[in-house]
Amino acid sequence: MFLQRMRAGLPGLIPVRWSRYSPAYVNPVTDKEKYKRPLEELSKEEKEEWDFKTTLEKIKRTQLEKYYNASPNERESIECNPYIIFHEAMDNCKPTIGLTSVLRGGKSYQVPTPLSDNRRRFLAMKWIITACREQKTSRRMYDKLTDIILQSYMNEGSIVRKKNELHKMAESNRAYAHFRWW
């Protein structure tokens, strides 16, 4: 298989004994001309690659629309950078404390424990993706993702509500916090 691909002259193949990447791994495209092509010229497969880019563009469009419709005093408070909006939305979705089940005396207790940064980030991303999938509309995924990111940016929506419910459960179960060290 490897020799067939080498003979075919596929780029980026170096003979190695072991690699963490699968044989189907393709090197990233560094040709900037591909990124400058308009969407109408792209094939169906190429359009699917641009979903996240489209999400950021849609976030920017909606924020610019708000910016231009706002009064001059309100314009200073409207953020138009989609990367800042995305990271702020992620921070608003991240829970700081979680619940773990501990079995003591034949009874299971929900014990509040602090979450690591990786776990916090994972839960926020998981909640965002599942919220997008649970919306039963015929819209594209990037449209749903844009709406949820903007809601999370404004501290609204189902994901922020889910985070607050988790914190409320942890607060109500804080009497069991001493089980964490057993």
Pairing of Lys94 and Asp91 as salt bridge, 4.0 angstrom limit = yes

Does a side-chain N-to-carboxylate-O contact under 4.0 Å join Glu171 and Arg174?
-> yes

Heavy-atom closest pair (Cys80 atom, Leu64 atom, distance to 0.1 Å) is SG-CD2, 3.8 Å

Which heavy atom in Asn92 sits nearest to a heavy atom in Ser152, and how many Å separate them?
-> ND2-O, 2.9 Å

Any side-chain heavy-atom pair from Met141 and Cys132 closer than 4.5 angstrom?
-> yes

Mind listing the closest non-hydrogen atom pair of Ser172 and Met169 along with its distance?
-> OG-O, 2.8 Å

For Ile78 and Ala70, which heavy atoms make the closest approach, and how far apart are they?
-> CD1-CB, 3.8 Å

Do Leu150 and Met90 belong together in a cluster built from hydrophobic side chains that touch within less than 4.5 Å?
-> yes

Using residues 118-129 as the side-chain source, report each donor-acceptor pair under 3.5 Å to any protein atom, sequence neighbours left out, with the distance given to one decimal.
unit_1: Asn118; atom_1: OD1; unit_2: Arg121; atom_2: NH1; d: 3.2
unit_1: Arg120; atom_1: NE; unit_2: Pro95; atom_2: O; d: 2.9

If you group Ile, Leu, Val, Met, Phe, Trp and Tyr by side-chain heavy-atom gaps below 4.5 Å, do Ile84 and Leu145 land in one group?
-> no

Apply the test side-chain contact (heavy atoms from CB on, under 4.5 Å) to residues Glu79 and Tyr153: give CA-CA distance (whole Å), side-chain angles for both, the deciding distance (0.1 Å), then the verdict.
-> CA-CA 10 Å; Glu79 180 63 51; Tyr153 173 71; 3.1 Å; yes

Lys/Arg N to Asp/Glu carboxylate O, Glu57 vs Arg61, below 4.0 Å = yes

To the nearest 0.5 Å, what is the distance between CD (Gln110) and CZ (Phe179)?
-> 12.5 Å

Looking at side-chain heavy atoms only, is the closest gap between Gln63 and Asn81 below 4.5 Å?
-> no

For Gly98 and Leu166, work out which heavy atoms get closest and say how close.
-> CA-CD2, 4.4 Å

Mind checking the CD-OG spacing from Gln135 to Ser158? Nearest 0.5 Å is all I need.
-> 7.5 Å

Interatomic distance, CG@Asn164 vs CG@Asn155, rounded to 0.5 Å, equals 8.0 Å

First locate atom CG of Leu56, then atom OG1 of Thr146, and finally report the distance between them rounded to the nearest 0.5 Å.
-> 8.0 Å

Same cluster (ILVMFWY, side-chain, under 4.5 Å), Ile159 and Leu115 | yes

Rounding to 0.5 Å, atoms OG (Ser101) and OH (Tyr176) come to a distance of 12.5 Å

On a heavy-atom basis, the closest approach of Ile149 and Ile85 is CG2-CG2, 4.3 Å

Do the side chains of Ile97 and Leu99 join up, straight or via other hydrophobic residues, at under 4.5 Å, putting them in one cluster?
-> no

